[in-house]
Each structure stands twice: as structure tokens, then as C-alpha cells.
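One structure below.
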Number of protein chains: 2
Amino acid sequence: MTDTLSTRLPQTGRRSNQSDSLFETLTVGIMTGRIQPGDKLNELVLAEEFGVSRAPIREAFRRLQEKGLVTHVAHQGVRVISPTLQDFLSLLDVREALEGMASRLAATEMGPDELDGLADVVEQHGRDLQRNPDGPYVQNDFDNDFHVRIARGCRNPVLTDLLCDQFYPRLKLCRARHGLVKGRGLAAWNEHRRILAALMERDGDVAELLMRRHVRSARAALLSSAPGPDGRAAV
Amino acid sequence: MTDTLSTRLPQTGRRSNQSDSLFETLTVGIMTGRIQPGDKLNELVLAEEFGVSRAPIREAFRRLQEKGLVTHVAHQGVRVISPTLQDFLSLLDVREALEGMASRLAATEMGPDELDGLADVVEQHGRDLQRNPDGPYVQNDFDNDFHVRIARGCRNPVLTDLLCDQFYPRLKLCRARHGLVKGRGLAAWNEHRRILAALMERDGDVAELLMRRHVRSARAALLSSAPGPDGRAAV
DNA sequence: ACTTTCATTATTGTCGACAAATCTCAGAGT
DNA sequence: ACTCTGAGATTTGTCGACAATAATGAAAGT
């Protein structure tokens, strides 16, 4: 945790209870990397930092715990999860299943305007690649991310929530811990283009197939860039 | 909520904090149907019932909220989710993806002893069907459920937790709200047998295919037994 | 020098109380 | 009979304090 957290506290009057604000702020803090994997979250420190009592802090902790972003052991406090490479790989297996289904559903459910927006995202990604061809695919803006748009376009609220609220935060946590895979930007972009084409053709079977292959490629790239020779995490 | 909840409170000294006990007790209460969908959960009432203060109650509520079993609106309290038929169907779409992947992984990861145990489960199910051929497939014992065993056999902790801790409780909630589909017991059993066979042959492709078809069949049966003519929930 | 023991400290778990918001329902008004 | 209003009651949000447990570190023993 490099910086003071209170800088981002909305102190909004819109949301009446502080527990919800805290939860959101801490979630963003973990996703952006301001709070690092392995960091201990001290109740008193955070309470003072945010100018609240410990009760709302603890309630936010319980939600973070159930969200899978922190661990909580009795009388020992809360600590940001530090996923092993094995955890990362496990997460990507589940991601393959979920995003594959999301793509299948999105193929029939996304509206023309949504598809246009998705095409814009891909096009912008292509322009970014021209400037920096070897860079990884970075998820700068959550709302303008290729995968997030598909997760939202599948018209399945359970799946959308699962991916956006639970899965992508944990994925960002894994990336903060293990780094991004370099040099897969161009390959990812090509795979995105083919998935987009399948969606526009309303071909759910192909869209699922391509998305699953896409996630599997990312997983394989991660595995091949892993430190250990047997595919196990160093820590 | 028909019965007093405190009957199941472990009051165990083993688990030091009461928040965890409450969370588990409430989760079981919702899963078993003792707490019904739509029920309001009053902090003071529960605090008195369990003989604790409101703080641990509230912390348990936050975890239930993030688990997706209750809703929480500010100054209005906590209420057990009352899923629409649409939610039920959405859940089954995601279930198809997750259990399909679990079956694929389980085909290569499950040990011989685990497969034997799974075969016993299927056999026992067959004996139950002889006595009551028209009954639905009921999940009497969580540990001896066909799907739970596969979820645990896939050797992917993320997937196992997602299915057992998050998905199956929500599924039970949906069943409590919308009832079980009658008369699918025999068909389900046959599908289970074929999935088991694929697992024993270590054929992940077929196992995933059959499991997805199995879940889709259950979904279709639910849809056809639905009240509305257009597949929309009455509520 | 190293390990063990024990008292001190720091942190978490729980509680009761107060403030703020919502809900309830009797009574006035149409 | 129906709707609207508002005071009282109920319920939630937050706080400060105390108790219980774990982490820390100094002193004693080997």
C-alpha cells in the first residue's frame, strides 16, 4: 500500500452508508494496485485514515472476504490475497468457461449499437498497437474493455455480475502479483477481431469456440513464461 | 422463516468468532428452506435469538450479501433473495458453463477412488429411483451429490469454491422459490450414468459435452413447466 | 550465542448506546 | 369511503469502550 487511501474516498452524500463507500474504495484500491497483494489491512489505521469508526470498516472487510479479494483469519486480521501462479491458472480455466458462455449468448443478444461499440474498441486497440507493437493487452479503461463489453452484452445478469464484479477484480489481482505476459498484444488483437466477426455473424458456436481458444492461448502464454520448470509458482 | 433458528447454532468454542458461525448458520438456514425467499432478516430479532449483539449479525449479513443470497438496501434492511424464473434460467446458463468445465477437468484429475465413490452415488440414486420412479432428483446429502463430487474432483480450487460455496446455495434458493421439476429423475439418472462413463474413460471432451447437455435438459424441463406462455416469470 | 519464558503491547471480537432514517397508523381533510 | 399528513414507534447506521486473543520483545536459562 504505497499511498494514502483517503484520497479517493468519495465522501459522497449520494450513498448514505459508509460501509458501501469503503467497500468500493477498497475494491478499487486493490484493483488499481494501490493496495498490493499480501498487504495487511489494519482496522484502526484504516478507520483513522477514513475518519470513521471500525464498524463500517469491518463490514467492508467481510464483503471483500466473500468477494475473494482478502483473507480473514480470526484474531489475525485481514490481508490482501496473494495468489499463486497455480491460482492464476485455475482462475483462467474458469474464465475460459465463463467467457465462452458469455460470447455464445452475446452472439444472439447483443444489439447492433453494442456491436458497433465493440468494433470501436477493437479498432482503438489496433491503433494503440501501431504505436507500441510489443506491448501487452492492457485494460486501461474498464468500460472500454473488449471482454467487459461482451460480459455486459450477454444479457445474463448472473453471468455479467460474476464476470465484472467477481472475476475481473480477482484477475487484476493476479496480474498485479504475477505481471502481464509481454508480446501477446498483436496475437490477442487478431483473436479479438475474429471473435468480433463471429459475434456480428450471430454465430454463437464459433464465438464460444474462439473465445475459449483465446483464453486458453493467454493461459498457455502465462504458463510458458512461468519461472518454475514444472509450472509451479515460485512462491 | 417457519422455525426458530437458534436450534442449529453450534455455540462451538472451536470457532472463535460468532460472525463466522452466524454466517454458516444463516447460509444453511437459507439452503434448507427454513428461511424462505423474500423473508426479512431483522437484526434485533436475530441478535436476541442467537444471544449476541448486532455487530456480528451485521457482519454475517454483509457476507451473505456478497454471496448473493440476500439483498441489502440502506435503512431498509436485509431480505432473502427471491429469484425470478428469469434469474433461475440465467443461473442455469452459467451452471452449464461451469459444470461443463468441471467435468472436463475431472475426467483427467479425479482419482480411481473418487470415481468409485461417484459410481456408488449413481448406484444409490438408481436404487432410490426403483422405489420412487417419478420423483425428481433431490439433493438430500450435499456430500453425496453427483454434481458436488465432480465439482470437488476437478482439482481446480477456484472452480470448486465457486460451485460449492456460491452456486449451489443460490441454486437451492431458486428451487425453494420455483419448485423442482417433476418426473425428470430417470432421465437425469441416465445422463449421470453416461457422464460417469465418460469420466472413467478419461474423456474430457465427452464429459463436458454430456454434462452441458445434462444441464441444458434440466433447463429446458424447467422452461417447459413454467407458468408463463412466453417463458417469463410470473413474478 | 541461542532458545525459552513471560510480561507488555497491539489488534481483533464483541457489546451497549445514541443518532438518523424509515415505517406505521391514527386522525384530519376532501 | 378514500387520500394525505405527521407524530410516534421501529429499525438501521455509526460510534466509543471493554474483553479476549495474538504479536512483540526483553530477560533468564542453557
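Reminder, nothing fancy here: chain letters follow the sequence lines and each chain counts from 1. Keep in mind that this is a model prediction, so the values were computed, not measured.
- For the pair B/N42 CG and C/dT22 P, the computed distance is 17 Å after rounding to whole Å.
- Residues forming a side-chain hydrogen bond (donor to acceptor under 3.5 Å, both in side chains) with B/S82 (at least two apart in sequence, or on another chain): B/R177.
- With 3.5 Å as the limit, one finds a donor-acceptor pair spanning the side chains of B/Q124 and B/D128.
- The stretch residues 161-173 of chain A participates, sequence neighbours left out, in no salt bridge (charged side-chain N to carboxylate O under 4.0 Å, His left out) pair at all.
- A search for side-chain hydrogen bond (donor to acceptor under 3.5 Å, both in side chains) contacts involving B/D113 returns nothing, not counting sequence neighbours.
- Note on the helix from C/dA1-D/dT30 to C/dT30-D/dA1: angle between the axes of the first and last five pairs equals 10°, rounded to 10 degrees.
- Contacts of A/Y168 classified as ring-ring contact (aromatic ring centres under 6.0 Å, His included), with partners at least two apart in sequence or in another chain: none.
- Evaluation of the side-chain hydrogen bond (donor to acceptor under 3.5 Å, both in side chains) rule for B/E48 yields no partner, not counting sequence neighbours.
- Put simply, the side chain of A/L199 reaches to within 4.5 Å of the side chain of A/I150, judged on heavy atoms.
- No side-chain donor-acceptor contact under 3.5 Å links B/D93 and B/S90.
- With sequence neighbours left out, the side-chain hydrogen bond (donor to acceptor under 3.5 Å, both in side chains) criterion links A/N144 to A/D141, A/R149.
- Residue pairs meeting the salt bridge (charged side-chain N to carboxylate O under 4.0 Å, His left out) criterion with at least one partner in residues 70-82 of chain A, sequence neighbours excluded, do not occur; the list is empty.
- Listed by first and then second residue, the side-chain hydrogen bond (donor to acceptor under 3.5 Å, both in side chains) pairs that reach into residues 58-73 of chain A are A/D20-A/R63, A/E43-A/R58, A/R58-B/E59, A/E59-B/R58, A/E59-B/R62, A/R62-A/H72, A/R62-B/E59, A/R63-B/E66, A/E66-B/R63, sequence neighbours excluded.
- Reading DNA chain D from its 5' end, the first and the last nucleotide to sit under 4.0 Å from a heavy atom of chain A are D/dG13 to D/dA23.
- A salt bridge does not link A/R155 to A/E109: none of the charged side-chain nitrogens sits closer than 4.0 Å to a carboxylate oxygen.
- Between A/E114 and A/R152, the closest side-chain pair of non-hydrogen atoms is not below 4.5 Å.
- Near DNA chain D, meaning a heavy atom under 4.0 Å away, the residues from residues 52-64 of chain B are B/R54, B/R58, B/R62.
- One finds no side-chain N or O of A/K40 lying less than 4.0 angstrom from the OP1 or OP2 phosphate oxygen of C/dA10.
- Residues from residues 65-80 of chain A lying near DNA chain C, meaning a heavy-atom separation below 4.0 Å, are A/H72, A/A74, A/H75, A/G77 in numerical order.
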